[in-house]
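Heads up, the thing below is written out as structure tokens.
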2 protein chains.
Amino acid sequence: MGVEKAFGFVLSTRRKELGLNQEELAFRCKLDRTFISLLERGKRQPSLDTIFKLAKELQMSPSELIKEVEDVFGN
Amino acid sequence: MGVEKAFGFVLSTRRKELGLNQEELAFRCKLDRTFISLLERGKRQPSLDTIFKLAKELQMSPSELIKEVEDVFGN
DNA sequence: TTGTAGACTAACGTCGACA
DNA sequence: CTGTCGACGTTAGTCTACA
């Protein structure tokens with residue numbers, strides 16, 4: 001499947017749980033809205049720094065975020 | 001400090017715990033030795049894919065690896 | 001064994017615009 | 001509100017080589 005796809009799924013799901021749209025999340029993370037779009041569709045991979053930024057605004061720890069990615073990815 | 005520095009410290013420490021040199025770790029991860037060197041000194045950041053590759057050969061889950069980075073980073 | 005350097009390709013991440 | 005496109009600058013990651 002590719003770990004980017006798993007990441008995209010987790011990101012999209014968690015964002016919606018918090019009632020945020022892509023634009024709002026992007027603003028809070030100081031990232032570009034179009035890049036959030038690419039990440040959610042598994043077209044791009046986040047760097048370590050981006051993982052930390054996203055986790056913070058998704059109100060979870062980076063390790064929790066990665067844990068969910070692992071679970072979706074199936075290792 | 002920067003999250004790359006924290007990552008580099010964790011990577012270096014864990015690698016030595018396992019008695020691996022940079023070259024051996026790089027080979028197992030299918031990464032370049034010089035890039036491992038850059039990562040350990042906090043000069044470069046890993047992507048999500050690289051985090052997963054490294055974690056596997058460091059015999060820990062990606063989320064455990066990131067957890068240690070968080071602890072060193074201090075959030 | 002590790003750090004460093006230079007040159008290179010691919011991908012990250014930004015930005016403006018439009019359906 | 002989201003996907004997509006094109007253009008762009010920066011950085012991840014490779015490779016060869018030398019101290």
Side-chain angles (χ1 to χ4, degrees), chain A residues 1-63 65-66 68-70 72-73, chain B residues 1-63 65-66 68-70 72-73:
Chain A
M1 182 192 190
V3 65
E4 334 86 23
K5 294 285 186 188
F7 185 86
F9 177 78
V10 171
L11 175 57
S12 176
T13 303
R14 181 66 182 150
R15 174 179 62 76
K16 290 168 186 166
E17 277 177 14
L18 295 174
L20 296 172
N21 59 34
Q22 292 180 346
E23 195 164 13
E24 182 63 28
L25 178 61
F27 175 76
R28 295 188 188 189
C29 298
K30 292 171 186 167
L31 289 172
D32 198 84
R33 181 189 66 78
T34 63
F35 187 56
I36 302 289
S37 175
L38 290 166
L39 285 176
E40 290 195 356
R41 284 173 294 122
K43 300 293 185 182
R44 288 288 186 278
Q45 277 198 73
S47 68
L48 182 63
D49 192 57
T50 299
I51 290 168
F52 271 65
K53 285 184 191 171
L54 286 168
K56 181 176 182 183
E57 301 307 327
L58 293 174
Q59 300 175 34
M60 55 203 309
S61 69
S63 57
L65 176 56
I66 298 302
E68 292 202 5
V69 176
E70 284 171 34
V72 171
F73 186 50
Chain B
M1 183 188 192
V3 65
E4 333 86 24
K5 294 285 186 188
F7 186 86
F9 176 78
V10 171
L11 175 57
S12 176
T13 303
R14 182 65 183 150
R15 174 179 62 78
K16 290 168 187 166
E17 277 177 13
L18 295 175
L20 296 173
N21 59 34
Q22 291 181 348
E23 195 164 12
E24 182 63 28
L25 177 61
F27 175 76
R28 296 189 188 188
C29 297
K30 293 172 187 168
L31 289 173
D32 198 83
R33 181 189 65 79
T34 64
F35 187 55
I36 303 290
S37 175
L38 290 167
L39 285 176
E40 289 195 358
R41 285 172 294 124
K43 301 291 186 183
R44 288 287 187 278
Q45 280 200 66
S47 68
L48 182 64
D49 193 56
T50 298
I51 290 168
F52 271 65
K53 285 185 191 170
L54 287 168
K56 182 175 182 183
E57 300 308 327
L58 293 174
Q59 300 174 32
M60 55 203 308
S61 69
S63 57
L65 176 57
I66 298 302
E68 292 202 6
V69 176
E70 283 172 35
V72 170
F73 187 49

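Below, read A as the first sequence line, B as the second, and so on, with proteins coming before strands; counting in each chain starts at 1.
- Counting only residues at least two apart or on different chains, the salt bridge (charged side-chain N to carboxylate O under 4.0 Å, His left out) pairs with a member in residues 28-37 of chain B are Glu24(B)-Arg28(B).
- Every salt bridge (charged side-chain N to carboxylate O under 4.0 Å, His left out) that Arg14(A) has, sequence neighbours left out, goes to Glu17(A).
- Of the residues in residues 10-22 of chain A, none has a non-hydrogen atom less than 4.0 angstrom from any atom of DNA chain C.
- In this structure, the separation between CG on Leu25(B) and CD1 on Ile36(B) is 4.5 Å, given to the nearest 0.5 Å.
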Let me have a per-nucleotide readout for nucleotides 10-19 of chain D, 5' to 3', with B, S or -, counting only protein heavy atoms under 4.0 Å.
-> --SBBBBB--
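- Neither OP1 nor OP2 of dT2(C) sits under 4.0 Å from any side-chain N or O of Ser37(B).
- The distance from the CG atom of Leu31(A) to the CD atom of Gln22(A) is 12.0 Å, given to the nearest 0.5 Å.
- To the nearest 0.5 Å, atom CG of residue Leu38(A) and atom NZ of residue Lys43(A) are 9.0 Å apart.
- Here Ser12(B) pairs with Lys16(B) under the side-chain hydrogen bond (donor to acceptor under 3.5 Å, both in side chains) rule; sequence neighbours left out.
- With rounding to whole Å, Phe27(A) atom CZ is found 15 Å from dC1(D) atom P.
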N/O donor-acceptor pairs under 3.5 Å from side chains in residues 47-60 of chain A, not counting sequence neighbours:
unit_1: Ser47(A); atom_1: OG; unit_2: Thr50(A); atom_2: OG1; d: 3.4

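- The interatomic distance linking Phe52(A) (CZ) with dC12(C) (C1') rounds to 18 Å, in whole Å.
- Applying the side-chain hydrogen bond (donor to acceptor under 3.5 Å, both in side chains) criterion to Arg15(B), with sequence neighbours excluded, gives Glu40(B).
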